[in-house]
Amino acid sequence: MIRRPIGNSRPLNAIGLGCMGISFAYGPAMEDADAVSLLHQALDLGVDHYDTAEMYGFGDSEQKIGKAFHDRREQVFIATKFGPVYNRETGQRAGVDGSEKNARRAIEQSLNFLQTDHIDLWYLHRRDFTRPIEETVGAMADIVKEGKVRQIGLSEVTAETLRAAAKVHPIAAVQSEFSIFTRFVEEGGILEACRELGTTLVAYSPLGRGMLAGWSKDWKADGWDFRATMAPRFQGEALANNLALVEEIARVASDLNATAGQVALAWVLQRADNIVTIPGTTKVANLKQNLDAADVTLTPGAIAKLDGLAAKVEGERYDETGMKGVNG
Ligand code: ATR
């Protein structure tokens, strides 16, 4: 197991658990009892960092985590997020609200759903472009002073936004998509700014939303799936192109006696020691496989092969609306 702190936290398992998929995005929500069982087994296997958000199933993911961990709160580091707002009747997204009023509403709801009196890491999920970042981070910092939140994070922000925010309050973490296929945090100076500021990069979708775990060429969505509807790189010719690249990862993996998914996770963790990652899964077998990635060491030759793939990926990671919310 690799242990790394997030901001000034105690050292945590660098492979945490992303808890979006238990409620939303890649299929129907898990039954509560199944999710609680998965979360308990994850804790037994040494996972101590759980990442959720108000948005994931509109509170369902937070509630599942609350049910699993309310009686073992001190063993887990819980991260959640606020910002995007939605119409409660239709479930439709209605922009991002980084106001103090919304921050205060959201924190009370998250504490309630998570059945706790504090959040270990509280992120702004997406930047509110209608107000300065300093205003939102200032509101979050007041909530830290009140003891409801231990540390603050930002998600999908630019290096410039991170630097401005860090002048108001220490930023423990930036959470952005980062994987063999998605490397803008390196190109945009974000990883470098994190290093300078003592900020941990929390890499989400390290398995490329599942694809890098070695999907076959005939992958198809089963029912409503975020990937097939809202992510161009999972559609049409782009998908075929990208799945051919996944075969390269599988070849590297087979040389190392590992799985493609393990190689994808090892690649993320070996980029820098201020990175942790949060692959998501609904299955204990996949979780175990992901945790074993900590024991996979990539050779320089393997890294060189993997480093060449991102430039060949086709299709954006979000649709046009989604892309407007990132690089905030
Ligand atoms: P996200 O951050 O959005 O959760 P991710 O971690 O890159 O994205 O990938 C999550 C996807 O990878 C899920 O569809 C998950 O499916 P299961 O719930 O069926 O596991 C899939 N996944 C996770 N670990 C996997 C593994 N070891 N083998 C195959 N698929 C895996």
Side-chain angles (χ1 to χ4, degrees), residues 2 4 14-16 18 155-159 162 173-197 199-217 219 227 231-234 237-280 286 289-318 323 326-327:
I2 301 169
R4 294 176 178 170
I15 302 178
S155 182
E156 290 283 355
V157 291
T158 61
L162 168 61
V174 165
Q175 182 171 141
S176 288
E177 185 165 350
F178 185 49
S179 68
I180 293 171
F181 276 10
T182 303
R183 294 176 54 183
F184 64 90
V185 296
E186 293 176 318
E187 293 139 19
I190 297 160
L191 194 48
E192 203 180 301
C194 284
R195 198 176 304 120
E196 278 170 40
L197 295 166
T199 300
T200 302
L201 181 81
V202 178
Y204 81 79
S205 296
L207 297 170
R209 301 187 182 274
M211 188 188 276
L212 306 186
W215 280 358
S216 69
K217 276 188 164 163
W219 179 83
R227 295 167 291 203
R233 70 174 49 168
F234 292 88
E237 284 176 19
L239 177 64
N241 171 80
N242 299 336
L243 289 179
L245 301 177
V246 168
E247 286 178 11
E248 280 288 315
I249 304 175
R251 273 193 287 276
V252 168
S254 123
D255 289 346
L256 293 166
N257 235 344
T259 66
Q262 288 170 337
V263 163
L265 297 176
W267 181 92
V268 166
L269 292 176
Q270 281 179 230
R271 298 311 280 184
D273 59 13
N274 65 330
I275 299 177
V276 302
T277 191
I278 45 168
N286 286 349
Q289 201 183 86
N290 296 344
L291 292 172
D292 286 344
D295 299 321
V296 174
T297 304
L298 302 179
T299 59
I303 292 172
K305 281 185 197 153
L306 300 169
D307 280 357
L309 298 179
K312 298 180 191 160
V313 172
E314 284 177 14
E316 292 281 18
R317 57 200 180 102
Y318 289 109
M323 288 309 291
V326 297
N327 296 316

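As the structure is a prediction and not an experimental result, all values here were calculated from the model. Side chains are part of it too, since the values below use all heavy atoms of this structure and drop only hydrogens, waters and symmetry mates.
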Q | Residues, nucleotides or ligands: over 12 heavy atoms within 6.0 Å of Glu314 CD | A | yes

**Q.** Salt bridge flag under 4.0 Å for residues Glu248 and Arg251
**A.** yes

Q. What's the spacing between Glu177 CD and Arg209 CZ if we round to 0.5 Å?
A. 5.5 Å

Q.
Contact between Arg271 and Leu201 at the side-chain level, heavy atoms closer than 4.5 Å - yes or no?
A. no

**Q.** Gln262 and Leu256, any side-chain heavy atoms less than 4.5 Å apart
**A.** no

Q.
Quick check on Glu237: does its CD atom have over 12 non-hydrogen neighbours (other residues, nucleotides or ligands) under 6.0 Å away?
A. no

**Q.** Approximate separation, where rounding is to 0.5 Å, of Thr259 OG1 and Leu212 CG
**A.** 11.0 Å

(Q) Under a 3.5 Å distance rule, please check whether Asn241 uses its side chain to pair with a backbone N or O of Lys312 as donor and acceptor. (A) yes

Q: Hey, could you give me the CG/NZ distance between Leu239 and Lys217, rounded to the nearest 0.5 Å?
A: 11.0 Å

Q) Is the ring centre of Trp267 less than 6.0 Å from the ring centre of Phe178? A) yes

Q) Atom CG in Asp307, atom CD1 in Ile180: separation rounded to 0.5 Å? A) 8.5 Å

Q: Report yes if some heavy atom in the side chain of Thr199 is under 4.5 Å from a heavy atom in the side chain of Asn274; otherwise report no.
A: no

(Q) Can you see whether Thr182 engages Arg233 through a side-chain donor-acceptor pair at a distance of less than 3.5 angstrom? (A) yes

